Each structure stands twice: as C-alpha cells, then as structure tokens.
Amino acid sequence: MSNELDFHLDGFEPADTDSEDAERLFWHGDLTVLAEHHTTAHGSPSFVVAHDRSAAGVPGAPQIAAIKVARDFSQSTFTFEATYHATLPFAQNWLIEHGCPPDRIAQVRGVFMKPTDDLTLWLDQQIRESGARYEVIDSWTSDFDPGETWTLTRDSSASQAPIRVFLEEKNRKARTYTIREGAFDDEAAARHWLDDRSSPLPQPPDYRGEAASRLARAALYRSAGASAIPKASPDTCHAPSAGTAQRPNRRKSL
C-alpha cells in the first residue's frame, strides 16, 4: 500500500453537492491511512480507513475516518461518502456494510497499535463483522494518558442487558490496546458507570458459564488468523470480558 492517500480522481468531478462537500472536508496531509482497498489500480470503488490527526484537538471527538469513493467512468464523476468512528473496528464495519471485502479492510498497517490479548482480537472481529447489530448511541475519545476510548451501543441481538459499552484502553509506550465489553440494562446505567467507575465493567450475561470455550476460540483466532473463524453473526458467541479494573473517573460522559 502506498503512503499517499490517492482516490484516483484525476479527470473526475463530484456527482453531487454532498460528494463535493465531503471531499473538501479532508486535508490529505492530516490523514494516516490504516487500511485501504481499491477494486482495481484505477477502478471503482475505493475504501479507506484512516486516522485524522486534525480531530485530536477536539475533546471527545472520534478520530477514525471511514471513506468510500465510487467512480462512474461513463460520466467521469465520483461519489464520496465518509463517517467518523471512535475505534477502528466500527469504522471497518461501516466500510464492510458499504461493500468492502472484510479480509481486505482488516489488513491494518504495521504502524497501528497492536492488541494485547486474544479477547481484544476477538472483540475486534466481533465488531468489524457484526453488520447492523450494534446501534451506536455515543462515543468519547481521550488523548490523555493512559488513553481511553469508549463506544456506547445498543445490541439488537441481546435478550438481556442490551446496552453495551466497548471500552478501549491504550498503552502508548508499548503501542498496544485492550478492548473489553460491558453490559447494562439501560442507557442511564451505562452512563452512570462511565461517570462513576467505582465498580468493574459488568460482563454481558451471555459470557457466563462459557468462558473456557470462548477463550479457546479466541486463541484459535490469534494462532490461525481471522480466516479460521466463521464470520461473526448475532448467534456467534462473544469472547468473555475479563472486566475493567476500578479506577478514578477522568471525565464526564456527554
């Protein structure tokens, strides 16, 4: 993959005002490409997930951009769509839902932080390939050490505790990250935990009693790669959360 962000738009004009406005929002020099897929060398469409450094100065703002560009060769026009996400797997999920092959956009460049354990790998895949399962309600990104990002969602497949928090903690010195999933009965309870942090992150009910088998499957994912595990679906088991240690609140939720 090239270090330059190139959508191959020479000779193309935006197909509509939305595409024109979206394309103008991005200063290519602010974007660090994390993964990309182009149908052909100069074909259509292109999918890119990138870190937008310009968003880092906005407290709480999501910093991961998911971009899809489609070119119409017969009209010499292009459409440009982009959304922002708090974490990489949610951005990858959006691109997959918009037509990107999952295995292509999962190939993240080596400069990105590495997962600390099998559970993090599993949750990455679970989110990335979850389709429309998770409705994102809110998110927050903190650049202060140790670095934390959370995404508040509603799990459409959960029969109990449908409000799920995906908490990502970064170790910048080691260049690693850890993801854990918490489950709550309602949004108010989830926001209270995010503000308070006086108790561990509560595990989803469906984790209980199956930890050994899920850990084994997560280990298989690490040893054999994503192709060894079927695509996640609403009926696919999660990896168990080890819970998040109690620690002082660093900010208030929105």
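Predicted, not measured: the structure shown is a model, and the values here were computed from it.
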Exercise for the section: Mark yes or no for whether D124, through its side chain, and P89, through its backbone, hold a donor-acceptor pair below 3.5 Å. Expected result: no

Completion exercise
Per side chain to side chain donor-acceptor pair (under 3.5 Å), Q63 is matched among D143, T141, D52 by D143

Completion exercise
Separation between CD (E36) and SG (C100), nearest 0.5 Å, reads 10.5 Å

Problem - Set of residues satisfying side-chain hydrogen bond (donor to acceptor under 3.5 Å, both in side chains) with respect to E20, sequence neighbours excluded - result: R24

Handout entry: Heavy-atom side-chain contact between S139 and F90 under 4.5 Å
Key = no

Exercise for the section: State, yes or no, whether a side-chain contact exists between R180 and T120 at a heavy-atom distance under 4.5 Å. Expected result: yes

Handout entry: Distance, nearest 0.5 Å, that separates CD1 of I179 from CZ of F166
Key = 8.5 Å

Exercise for the section: Measure the spacing between CE of M113 and OG1 of T178 and express it to the nearest 0.5 Å. Expected result: 10.5 Å

Completion exercise
Smallest heavy-atom separation, I64 atom then A86 atom, equals CG1-O, 4.0 Å

Exercise for the section: Look at the side-chain heavy atoms of Ile, Leu, Val, Met, Phe, Trp and Tyr, link any pair under 4.5 Å apart, and say whether F73 and F78 land in one connected group. Expected result: yes

Exercise for the section: Check for a donor-acceptor pair, side chain of T39 on one end and backbone N or O of S44 on the other, with a separation under 3.5 Å. Expected result: yes

Problem - Distance, nearest 0.5 Å, that separates CZ of R164 from CG of L123 - result: 11.0 Å

Handout entry: Residue pair R128 / A106: nearest heavy atoms and the distance that separates them
Key = NE-CB, 3.7 Å

Exercise for the section: For D138 and T151, indicate whether the former's side chain and the latter's backbone hold a donor-acceptor pair under 3.5 Å. Expected result: no

Problem - Gap between atom CD of E187 and atom OG1 of T153 - 0.5 Å precision - result: 10.5 Å

Practice task
Check whether any side-chain heavy atom of Q126 sits under 4.5 Å from a side-chain heavy atom of Y134, and report yes or no.
Solution key: yes

Problem - Listed partners of K170 passing side-chain hydrogen bond (donor to acceptor under 3.5 Å, both in side chains), at least two apart - result: T149, E168

Handout entry: Nearest heavy-atom neighbours spanning A189 and D186
Key = N-OD1, 2.8 Å

Exercise for the section: Heavy atoms only: give me the nearest I67-F80 pair and the separation to one decimal. Expected result: CG2-CZ, 3.5 Å

Handout entry: Within-4.5 Å side-chain heavy-atom neighbours: L201 and F184
Key = yes

Exercise for the section: Provide the closest heavy-atom pair for A161 versus A183 in the form atom of the first, atom of the second, distance. Expected result: CB-CB, 3.7 Å

Practice task
Just say parallel, tilted or perpendicular for the rings of H85 and W94, cut-offs at 30° and 60°.
Solution key: tilted

Practice task
With sequence neighbours excluded, tell me which residues meet ring-ring contact (aromatic ring centres under 6.0 Å, His included) with F47.
Solution key: none

Problem - Straight-line distance of H38 NE2 to S46 OG, nearest 0.5 Å - result: 4.5 Å

Exercise for the section: Please report the closest heavy-atom contact between A66 and A91, naming both atoms and the distance. Expected result: CB-O, 3.7 Å

Handout entry: Donor-acceptor contact present, side-chain Q125 to main-chain L121, <3.5 Å
Key = no

